[in-house]
Number of protein chains: 2
Amino acid sequence: MTRPRQTDLAVLGALSVEPMTGYRLRQEITETLGHFWHESFGQIYPSLARLEAEGFIVAQGGVKASSRVFSLTEAGEAELRRLLELPPESQQPRSALLLRIFFGANLPPGAIAQLLDDHEAQVREKLAQFAGIRANIDADPLAGRHRPYWLATVAAGESAARAQLEWVAQTRVLLGEQCAG
Amino acid sequence: MTRPRQTDLAVLGALSVEPMTGYRLRQEITETLGHFWHESFGQIYPSLARLEAEGFIVAQGGVKASSRVFSLTEAGEAELRRLLELPPESQQPRSALLLRIFFGANLPPGAIAQLLDDHEAQVREKLAQFAGIRANIDADPLAGRHRPYWLATVAAGESAARAQLEWVAQTRVLLGEQCAG
DNA sequence: GGGCACATGTAAGCTGTTACATGATTAA
DNA sequence: TTAATCATGTAACAGCTTACATGTGCCC
């Protein structure tokens with residue numbers, strides 16, 4: 001039972017919006033999908049090579065050129081639709097923060113407070129980034145029919161972030177009683 | 001820059017609550033930490049062997065016995081505290097659902113609706129599980145000083161789940177306009 | 001005797017990260 | 001000319017999953 005290669009889905013999806021190089025692919029994924037998806041070069045280039053060999057993408061600019069712009073073939077568009085319709089298999093959760101909270105009784109109270117403070121700062125930074133991503137999507141002429149879908153993913157991030165801020169506040173009270181009591 | 005072995009932290013943490021076998025370790029992690037952490041046997045047994053070799057845990061029941069109950073040594077308690085104080089490094093996010101939503105323009109409208117329906121059902125099931133976990137923690141005599149910390153992690157799950165339900169409802173409206181319009 | 005839950009472990013293989021190596025292009 | 005950015009790739013390795021292999025103890 002091998003897991004589906006999700007990198008292929010991200011790569012094909014990005015190329016369906018606009019043809020681009022592997023380098024820019026990484027940039028776009030980092031900037032626009034960054035809050036819910038991640039790819040490294042070590043994944044992207046092998047994925048591109050594989051997809052090219054399978055005829056799902058073609059390079060404009062030639063093999064020996066220093067810059068290869070990839071775009072989807074018809075087979076690639078079909079493959080993208082096929083992958084999109086597979087049921088989403090979420091990764092197993094691993095929250096380093098919650099693991100530390102769970103065993104927090106082994107830590108001095110100040111350490112827990114620090115964890116919560118740091119987390120809150122990170123979440124607030126994320127919220128600020130979402131505002132920027134939103135602005136980019138609104139201004140992007142390429143967005144077109146994609147726009148509502150893209151905004152929906154930003155909304156998911158914002159919703160999760162706000163929930164985490166509420167949880168932090170609530171948890172300070174819950175665990176603060178411990179420290180004070 | 002090797003990533004820290006987070007499995008060791010989960011194993012040491014669990015053994016700090018109560019000595020147990022590798023088999024039960026997996027059970028406890030699945031049942032109680034399941035909503036924010038995951039380990040497989042293939043990780044747990046090598047981790048136990050390594051921690052034993054390093055003197056952080058010892059087995060009662062002897063090497064050849066069919067059931068080896070592990071408990072923390074003093075060095076193991078110190079190691080647990082050390083790992084807990086390392087800054088939490090969260091895994092890179094990878095939401096298969098949001099990836100599909102993002103490229104949703106390539107899918108028929110019904111497929112998106114189906115994704116949202118399935119997701120909502122999963123989240124509601126999770127919420128029901130949280131109620132069960134809460135009840136277990138309240139009833140567990142072993143919880144003791146751990147109780148507020150354990151409840152805080154459950155609260156994090158509940159908070160995230162509620163946010164996702166709100167997002168699903170909101171997204172149905174946002175993307176529904178697309179389908180209808 | 002059969003089946004189930006408990007229990008331990010290994011091996012193959014995939015996914016993904018990091019560090020390294022290299023070179024082209026462009027702007028100050 | 002020098003630095004930054006753009007660009008491509010590889011190799012080593014860590015982390016993790018899955019499937020397999022094996023055995024015990026208990027209850028019906």
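For clarity, every value in this text was computed on a predicted model and none was experimentally measured.
Evaluation of the salt bridge (Lys or Arg N to Asp or Glu O under 4.0 Å) rule for B:R50 yields B:D8 as partners, not counting sequence neighbours. Residues forming a side-chain contact (heavy atoms from CB on, under 4.5 Å) with A:P46 (at least two apart in sequence, or on another chain): none. Checked against salt bridge (Lys or Arg N to Asp or Glu O under 4.0 Å), A:R94 has the following partners two or more places apart in sequence or in another chain: B:E39. Residues passing the salt bridge (Lys or Arg N to Asp or Glu O under 4.0 Å) test with B:R124 are B:E120, sequence neighbours excluded.
Per the geometry, CZ belonging to A:F41 stands 18 Å off C1' belonging to C:dT15, to the nearest Å. One atom, CD of A:Q60, and another, P of D:dA7, lie 15 Å apart when rounded to the nearest Å. Atom pair A:I29:CD1 and C:dG16:P shows a separation of 12 Å (rounding to whole Å applied). Atoms CG (A:L48) and P (C:dG16) sit 15 Å apart, rounded to a whole Å. Here the C1' atom of nucleotide D:dA21 and the OH atom of B:Y45 are 14 Å apart, to the nearest Å. Here the P atom of nucleotide C:dG16 and the CD atom of A:Q91 are 9 Å apart, to the nearest Å. Put simply, CD on A:Q92 is 16 Å from C1' on C:dG16, counting in whole angstrom units.
The shortest distance between the side-chain N/O atoms of B:T7 and the OP1/OP2 oxygens of D:dC16 is below 4.0 Å. Using a 4.0 Å cut-off, some side-chain N or O of A:Q27 falls inside it from OP1 or OP2 of D:dC6. For the pair A:S40 and C:dG16, the criterion of a side-chain N or O lying under 4.0 Å from OP1 or OP2 is not met.
You'll find that the side chain of B:R68 is closest to C:dT8, out of D:dT17, D:dG9, C:dT8.
Residues from residues 15-25 of chain A lying near DNA chain D, meaning a heavy-atom separation below 4.0 Å, are A:T21, A:G22, A:Y23 in numerical order.
Using a 4.0 Å heavy-atom distance criterion, B:R94 is classed as a sugar-phosphate-only contact.
Listed for the B:S47 side chain is no donor-acceptor partner under 3.5 Å among the backbone atoms of B:Q43.
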Which pairs of donor and acceptor atoms, one on a side chain in residues 14-21 of chain A, lie under 3.5 Å apart (sequence neighbours left out)?
from, atom 1, to, atom 2, distance (Å)
A:S16, OG, A:G13, O, 2.7
A:E18, OE1, A:R24, NH2, 3.0
A:T21, OG1, A:R24, N, 3.1

